[in-house]
Amino acid sequence: MDELRRRFIQGFFILIALVYICRLFYLQVIDETYKLDAENNAIRKIIQVPFRGLVYDRNKKLIVSNTVVYDLYITPKKAKVADTLRFCNIFGITRQTFDSLTHLAKVFSPVRPSLFLRQLSREDFARVQDAMVDYPGFEFQVSALRTYDSKAMANALGYVGEISPERLAKQEETGDDYYRQGDYIGVTGLERYYEEDLRGERGIKYMMVNSRGVEKGPFKGGAFDKNPISGKNLISSVDINLQAYADSLMQHKVGSIVAIEPSSGEVLAMVSAPTYDPSLLSGRTFSKYFQTLNLNPLHPLLNRPPSAYYRPGSTFKIIQALVALQMGVISPGTGFGHGGSPIRCSHNHPVASDVQKAIQYSCNPYFYQTYKRMIYNNTEKNIFKKSALGLQRWDDMVAKFGIGQSLGIDLPNEKKGKLPNVEYYNNMYHGELTWKFSNIASNSIGEGEIIVNPLKMANVAAIIANRGWYIRPHLVKGIDKIGEIDPKYKEKISVGIDRRHFATVIDGMVAAVNNGTVSGDGRMSDIQMCGKTGTSQNRHGENHSIFIAFAPKENPKIAIAVFVENAGSGGAHAAPIASLCIEKYIKGHVDRKAIETKWMNKSYPNLLTIRKANAAAKPKTVSKPDTAQKVDEELFLTTPTVTLPLGVSAQKNTVKIPMSPKKPVNQKVTTPKKGTH
């Protein structure tokens, strides 16, 4: 028994010894990894950055591509520059710049490569390459510069910039090591949303070097090298021809255009005005132009369609009509006169004897009475409870149109807007049962506390075009190939309104275009556009002009929303721009050349020019700012949080967006300005 135990123990230790011997043999003879680390002083590890994916429009036209450039990296502990003046002359930099860049590299890491100079052209690289043998510790890496085949769509595309220290620190916390200091990363727009698809996979190359750092060839014939894999290409849903045309219509103006294909939710055009030339934010002059754009008071870096805030004005009345019809508080033939309404119409029109005429003439008293019926459509006796219960039911139905909700578009910084609910008004008026219908009556015509962005209203137009459903708006219809997108961008979403009610509302929208609130410049003889005008009240100059529409009436191909700030009534200003875009998309050209020229050259005073004019007209006095004015400014001129690249500082010009007053206000319903439909 003892002999058996002794042999078992001997066998166990012999087995352990064999395992160790085999492992040592593998590590020292077979596996080259540790040999690679041991010979690190004679081997240079070169990270190869892949080309970012390309971006095409819906017709496979190239929008964004890449140009080869070269970045110079420094490893401070290995860097030796015997003649600094010669080095500076070679690269065309000053001694001060050299010292500053070297210091920043040492602060980042003495032993890790750090970006020294970026984006040298092929000609620059060829000129300095031979001289680099005298400067160990410096190495070139191939990079790429974003190149734009079109100046359109800049805000939606976004831009790439140097990764921020905060992003690098966050990466280290998560254990990711993809990015290094000086790397480019998508900062805004599609470049940011689809960063992981666009960036590709890095490559690694091991090169043998001699004692002077001169490359002598690949290590082990490149057996350990890994080739970079280019990023995936994006196939955008945008029609770049329509996008460029819409951009041209919005020159000299401030506002937005969003066009959507109703059947698919694909965004056909997304204009934010004023915009900028995307090539200005691509290259070694990035910091200079970024600073200029970021400090521009008209905020050209703001992508207004998903991020700017407006009240929807009378465009909201089509939602009111549909919800009221679904609730059963009105029928298609229900009529209301102007009596009993504190909200008056700003122009004369026939009596709104039914829903169609109410939409055709955008009758304010009609929708005041309709909203009142919806809010009071319950059996509660207490007027305050009755108002709260009615508002909650109304909220639930309106929210299905995307109001106050995130639509989930494939862009960063989408704003939900605001759909005021019971809790909101309880907070505003400091408690429950402290407000009633008269306090919220302005919601009836799309004013009050309702806040939307242009994207949301273009989606509302798509909902009407589809007779009750939508697919989430999206700007990419394929990653590498059409159809390869997130499944959520294929899902139909119902708004819970019976299809039969849409016929009534659409007939009213047709009448509004043909013989209602739309001006002659906004009408087309050969395309039936269904539209609704709106005007967002503005304390600073003219009101903001809004128009939403779709066309043609049957089998719609395009839904659109146009917002023009400080322009006036929606029918006279936004509607013609929308009709030109619709004509361009459906026909491929525009026949109304005189109207086209007129609206391309049309301009409006913006908030900046209004402020300058007021400042020139009034003596300078120090006074307490008007709270109402401040709220209105913050509401309509909002800026996104912009990530600044390394080395760029900016003044604090990000505006907070107040979502509720600081103290309760007894809301006074006033008659809108003339032409506010």
Side-chain angles (χ1 to χ4, degrees), residues 254-260 265 267 270-273 302-323 362 367 371 391 394-409 411 413-421 424 440 442-465 470 472-473 493 495 531-538 543-550 559-567 570 574 578 631-632 634-638 640 655 657-660 672 676-677:
V254 177
S256 304
I257 297 177
V258 183
I260 298 174
V267 176
M270 180 175 283
V271 176
S272 181
L302 170 64
N303 190 19
R304 284 176 164 81
S307 301
Y309 280 163
Y310 304 87
R311 297 184 181 95
S314 293
T315 58
F316 191 73
K317 292 173 181 175
I318 56 178
I319 296 178
Q320 295 282 51
L322 288 167
V323 171
S362 196
F367 288 97
Y371 185 53
L391 179 67
W394 177 82
D395 266 331
D396 292 341
M397 298 184 71
V398 172
K400 293 180 180 180
F401 286 81
I403 309 300
Q405 316 297 315
S406 173
L407 293 177
I409 190 172
L411 284 175
N413 299 323
E414 180 194 354
K415 305 300 183 185
K416 290 183 178 180
K418 182 169 61 177
L419 178 62
N421 56 20
Y424 176 88
I440 63 174
S442 289
N443 292 336
S444 62
I445 59 170
E447 295 293 339
E449 289 75 36
I450 301 171
I451 302 298
V452 298
N453 59 43
L455 171 68
K456 207 173 294 292
M457 296 313 295
N459 192 59
V460 169
I463 291 169
I464 310 301
Y470 70 96
R472 289 181 180 87
I493 301 172
V495 297
K532 181 68 190 77
T533 58
T535 308
S536 184
Q537 292 186 16
N538 173 31
N543 290 327
H544 303 313
S545 179
I546 307 174
F547 184 69
I548 67 173
F550 66 88
I560 194 168
V562 176
F563 285 62
V564 186
E565 294 183 13
N566 301 291
V631 169
D632 200 64
E634 292 179 343
L635 187 61
F636 294 112
L637 282 179
T638 61
V655 181
I657 304 168
M659 298 305 289
S660 63
T676 57
H677 295 303

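Residues: numbered from 1 along the sequence shown.
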Legend entry - Stepwise side chain to side chain contact (heavy atoms under 4.5 Å, CB included) check, Ile548 with Ile318: CA-CA 10 Å; Ile548 67 173; Ile318 56 178; 3.5 Å; yes
Legend entry - Under 3.5 Å: donor-acceptor pair, side chain of Thr535, backbone of Gly313: no
Inset, instruction - Using modelled atom types only, decide if a donor and an acceptor are shared between the side chain of Lys415 and the backbone of Tyr309 within a distance under 3.5 Å. - result: no
Legend entry - Any Lys418 side-chain heavy atom under 4.5 Å of Tyr424 side chain: yes
Inset, instruction - Give a yes or no on whether the backbone of Phe563 and the side-chain of Ser256 come within a donor-acceptor separation of less than 3.5 Å. - result: no
Legend entry - Results of side-chain contact (heavy atoms from CB on, under 4.5 Å) for Ala458 - residues two or more places apart only: Val258, Ile260, Ala561
Inset, instruction - State, to 0.1 Å, how close Ala574 and Ser545 come at their nearest heavy-atom pair, and which atoms those are. - result: N-OG, 3.0 Å
Legend entry - Polar side-chain atom of Ser442 near backbone of Glu447 as donor-acceptor pair, under 3.5 Å: no
Inset, instruction - Find out whether Ile464 and Lys532 are in side-chain contact, i.e. whether some heavy atom of one side chain is under 4.5 Å from a heavy atom of the other. - result: no
Legend entry - Nearest-0.5 Å distance that lies between atom NZ in Lys317 and atom OG in Ser444: 8.0 Å
Inset, instruction - Answer whether the closest heavy-atom distance between the side chains of Ile440 and Pro420 falls below 4.5 Å. - result: no
Inset, instruction - Determine, stepwise, if the pair Val398 / Val323 fulfils side chain to side chain contact (heavy atoms under 4.5 Å, CB included). - result: CA-CA 7 Å; Val398 172; Val323 171; 4.1 Å; yes
Legend entry - Heavy-atom closest pair, residues Pro306 and Asn453: O-ND2, 3.2 Å
Inset, instruction - Output the distance between atom NZ (Lys456) and atom OG1 (Thr315), rounded to the nearest 0.5 Å. - result: 12.5 Å
Inset, instruction - Indicate yes or no for a side-chain donor-acceptor contact from His544 to the backbone of Val564 under 3.5 Å, with no hydrogens or angles considered. - result: no
Inset, instruction - Could you pull out the closest heavy-atom pair between Asn421 and Leu391, with the gap in Å? - result: C-CD2, 3.7 Å
Inset, instruction - Please tell me if the side chains of Val460 and Val452 come closer than 4.5 Å, counting only heavy atoms from C-beta onward. - result: no
Legend entry - Residue pair Phe550 / Ala461: nearest heavy atoms and the distance that separates them: CD2-O, 3.8 Å
Inset, instruction - Check Pro305 against Val271 and note the closest heavy-atom contact, atom names and distance. - result: CG-O, 3.4 Å
Inset, instruction - May I ask you to test the Arg311-Ile451 pair for a side-chain heavy-atom distance under 4.5 Å? - result: yes
Inset, instruction - Taking Asn543 for its side chain and Asn538 for its backbone only, find out whether a donor-acceptor pair lies under 3.5 Å. - result: yes
Inset, instruction - Work out which heavy atom in Leu302 is nearest to a heavy atom in Ser307; give both atom names and the distance. - result: CD1-CB, 3.7 Å
Legend entry - Ala578: partners by side-chain contact (heavy atoms from CB on, under 4.5 Å), with sequence neighbours left out: Phe547, Ile560, Val562
Inset, instruction - Compare all side-chain heavy atoms of Phe367 with those of Phe316 and state whether any distance is below 4.5 angstrom. - result: no
Distance-only donor-acceptor hits, side chain of residues 400-409, under 3.5 Å, sequence neighbours excluded:
{"residue": "Gln405", "atom": "NE2", "partner": "Ile403", "partner atom": "O", "Å": "3.4"}
{"residue": "Ser406", "atom": "OG", "partner": "Gly408", "partner atom": "N", "Å": "3.4"}
{"residue": "Ser406", "atom": "OG", "partner": "Glu414", "partner atom": "OE1", "Å": "3.2"}

